[in-house]
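Take a look at the structure below.
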Amino acid sequence: MSTGTGQLLRTRQEKLAALRARGIDPYPRRCTRSHRSDEAVAAFLAAEAEGKLGTDGEGPPVEVTGRILSWRGHGRSAFAHLEDGGGRLQVYFRRDILGRESFATLPLLDLGDWIGVAGVLFRTRTGEVTVRVARWRILSKSLRPLPLAKVEVDPETGARTVHSGFADRQSRYRRRYADLAVHPEVRDVFRVRAGVVAGLRRALDDRGYLEVETPALQPLYGGAAARPFTTYHNALGTTLYLRIADELYLKRLIVGGFERVYEIGKDFRNEGIDRTHNPEFTMLEFYEAFADYRRMMELVELLVHEVTLEVTGGPDIDYQGARVSTAPPFARTTFYGALASALGEDAAGLDDDALRVRTAAATGEAPDEGDGRGRLLDRLFSALVEPALVQPTFVTDYPTELSPLAKTKPGEPGVVERFELFIAGREIANAFSELNDPIDQRARLEAQAGSGRAGDDEAHPVDEDFLRALEYGMPPTGGVGIGVDRLVMLLTDSASIRDVILFPVLRPEEGR
């Protein structure tokens, strides 16, 4: 802690003690308010429009609460701006209205303090709707100064330069509470996020889907190619895993007779952290009986379009300098077709050694020893094809090695009925015609287990209970997973997944 910061903290502690010495509780149990800031301004404007202001221009009385974000003292008066969930509102203190004792207590306030004020609304000479304070009360004393921005005004040109008090991104992610307090635009991102989740939920509810909850702690992980987080249950004396996907439990519900189910929940994958990956993330998964991947493709197209319209007001998005349109229909291509165009040859015809050479050349690093054919194809596709998929594009018909839970495409051995939706160069959704043949499914999971024994630490394990469920019979089913975080990134023009997760996973702070 710097000397300057230490002095600021000591000064605020002294002000806290001074408040208490005057018999003032700096952390009262309750407060009252009649209006949010935006509601107060609206009430004044309504009274003004209806000719109901007093002879001195006074509007209706209000009680408002907020955090102090600016302060200007003028001897016997002072102006401040308070911020609440409705925005900012100016308040005006005068000694002859408050009385000497109340006014003399104002210097014990700091930027960041929460206060409540009561008074009447009026317009200042500059036209700003303001509360003329008749009484005030502290609601919470801030003992640590907020990293508020500073504004410099050029005296000759009048140009304003804003210097952020919280420019370091890592610090903002780590202390999100302070980030939210000083950056209203960050709060707007998470309001959009809430709107995206609500829009997806509403769209599926309206289509007859049932929202369900499946276990986050599982005796065996599955449903994706990923390393799990492992924990231990003391009472049961058994190892459990945080789920890497919702898929296998949702398909158990299709076996049980539910025809349309979905879940919006957290998944956990023990993987690296980058701009598009966080070990804890939010997925929407939904499954529909008597459907295939083509039906799900149509539904995903509609969901993305509808949610975009709902949260942005139109079908087009500006993302990191690119104009993206979510208006249907989306482009379509096949996995091997897109890869052949980028590679200049048919990857399906390459043997494993040749595939390793092409992958090393495309990615700039040698593949891991345990990488099987599916992983090599995936890395080659990610390096050569994905970055060019800026407009919404469905990539269909994937290699079987990449999709152990999808049905084989008729007449195309080694290819499964799967699609992924890419927008702005990254995967947004993944879907299958779900494999419902328990014998075929067992063979594929056992092949995956073999890959795991050979060194692939993301191989899918054999889940005997899931196989038993399939043996009871699962009808033809289409299933989809949508990465909610990535969709929110797209709709808020956010470059990093950490910008759309309130409390992302970060490296421990040094010395902590």
Side-chain angles (χ1 to χ4, degrees), residues 214 218-228 241 243-252 254-255 267 269-271 283 285-287 291-293 296 334-336 339 347-348 352 355 367-368 370-382 395-410 412-420 427 429-481 483:
T214 62
Q218 301 178 347
L220 190 66
Y221 61 94
R227 286 177 295 181
Y241 304 91
R243 69 181 172 201
I244 60 173
D246 307 7
E247 178 171 346
L248 301 189
Y249 280 91
L250 290 173
K251 288 198 282 194
R252 285 170 168 93
I254 298 293
V255 170
D267 289 339
R269 295 181 185 176
N270 199 344
E271 60 189 6
M283 284 288 289
E285 290 199 38
F286 55 96
Y287 292 80
D292 66 359
Y293 78 138
M296 307 315 280
T334 66
F335 180 92
Y336 279 121
L339 188 52
D352 290 358
L355 197 55
D368 295 336
D371 285 353
R373 186 174 182 83
R375 183 79 66 82
L376 295 172
L377 287 167
D378 186 45
R379 290 187 176 180
L380 197 58
F381 186 90
S382 296
V395 177
T396 66
D397 304 339
Y398 276 67
T400 302
E401 297 92 338
L402 276 174
S403 313
L405 299 169
K407 291 181 78 73
T408 300
K409 189 172 184 181
E412 296 190 36
V415 174
V416 295
E417 293 191 345
R418 173 188 177 184
F419 75 77
E420 288 186 297
E427 176 199 346
N430 183 29
F432 306 151
S433 294
E434 302 294 340
L435 181 58
N436 61 344
D437 178 342
I439 297 173
D440 189 358
Q441 183 66 88
R442 176 178 292 279
R444 295 213 212 160
L445 291 183
E446 288 177 348
Q448 283 279 306
S451 297
R453 290 189 294 271
D456 185 350
D457 56 6
E458 293 186 356
H460 203 296
V462 177
D463 186 333
E464 291 292 347
D465 184 71
F466 174 64
L467 292 170
R468 179 167 54 219
L470 288 185
E471 289 171 357
Y472 283 101
M474 185 177 81
T477 298
V480 175

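Under the 4.5 Å side-chain criterion, counting only non-hydrogen atoms from C-beta, Pro399 is in contact with Tyr336. Contact annotation: the side chain of Thr408 never approaches that of Pro413 to less than 4.5 Å [non-hydrogen atoms, C-beta and beyond]. In this structure, Val480 and Phe432 have side chains that are not in contact, with every pair of non-hydrogen atoms separated by 4.5 Å or more. Within the 4.5 Å cutoff, no side-chain heavy atoms of Pro438 are placed close to those of Arg468. In this structure, the side chains of His460 and Leu248 come closer than 4.5 Å at one or more pairs of heavy atoms.
Glu285 and Tyr287 share a donor-acceptor pair across their side chains, judged by distance under 3.5 Å alone. Side chains of Thr214 and Arg243: a donor-acceptor N/O pair is present below 3.5 angstrom, by distance only. Thr400 and Arg373 are not linked by any side-chain donor-acceptor pair at a separation below 3.5 angstrom, with hydrogens and angles left out of the test.
The minimum heavy-atom distance linking Leu405 with Gly223 is given by the pair CD1-CA, 3.8 Å. The two atoms that bring Ala469 and Val255 nearest to each other are O-CG1, 3.4 Å, heavy atoms only. Across all their heavy atoms, Leu435 and Lys407 have their closest contact at CA-CG, 3.5 Å. When all heavy atoms of Leu445 and Val462 are compared, the closest pair comes out as O-CG2, 3.5 Å. Listed here is the closest heavy atom pair of Ala245 and Gly222: CB-O, 3.7 Å. What you find for Met296 and Gly479 is that their closest heavy atoms are CG-N, 4.0 Å.
With hydrogens and angles disregarded, no donor-acceptor distance shorter than 3.5 Å links the side chain of Gln218 to the backbone of Asp246. Using a distance-only test at 3.5 Å, with no hydrogens or angles considered, a donor-acceptor pair links the side chain of Arg418 to the main chain of Leu402. Under a 3.5 Å cut-off, the side chain of Thr477 and the backbone N or O of Pro475 do form a donor-acceptor pair. The main-chain N or O of Ser433 is never found under 3.5 Å from a side-chain atom of Asp292 such that the two would form a donor-acceptor pair.
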Please evaluate residues Tyr293 and Asp397 with respect to the criterion side chain to side chain donor-acceptor pair (under 3.5 Å), reporting the C-alpha separation (whole Å), side-chain torsions for both, the decisive distance (0.1 Å), and the verdict.
CA-CA 10 Å; Tyr293 78 138; Asp397 304 339; 2.7 Å; yes

Before you tell me yes or no, could you show the steps for Leu377 and Leu355 under side chain to side chain contact (heavy atoms under 4.5 Å, CB included), namely the whole-Å CA-CA distance, both residues' side-chain angles and the distance that decides it to 0.1 Å?
CA-CA 8 Å; Leu377 287 167; Leu355 197 55; 3.8 Å; yes

Stepwise salt bridge (Lys or Arg N to Asp or Glu O under 4.0 Å) test for Arg252 and Asp465:
CA-CA 9 Å; Arg252 285 170 168 93; Asp465 184 71; 3.0 Å; yes

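We find that Arg444 and Glu446 are not joined by a salt bridge, their nearest charged nitrogen and carboxylate oxygen being 4.0 Å or further apart. A salt bridge links Glu458 with Arg375; the closest basic N to acidic carboxylate O contact falls under 4.0 Å. Ionic pairing of Glu271 and Arg227 is not present here: no N-O contact between side-chain nitrogen and carboxylate oxygen is shorter than 4.0 angstrom. Between Asp371 and Arg379 a salt bridge is recorded (basic side-chain N to carboxylate O distance below 4.0 Å). Using a cut-off of 4.0 Å between Lys/Arg side-chain N and Asp/Glu carboxylate O, Arg442 and Glu464 are scored as salt-bridged.
Here Tyr398 and Phe335 bring their ring centres to under 6.0 angstrom of each other.
Here the straight-line distance linking atom CD of Glu417 with atom NZ of Lys409 works out to 7.0 Å at 0.5 Å rounding.
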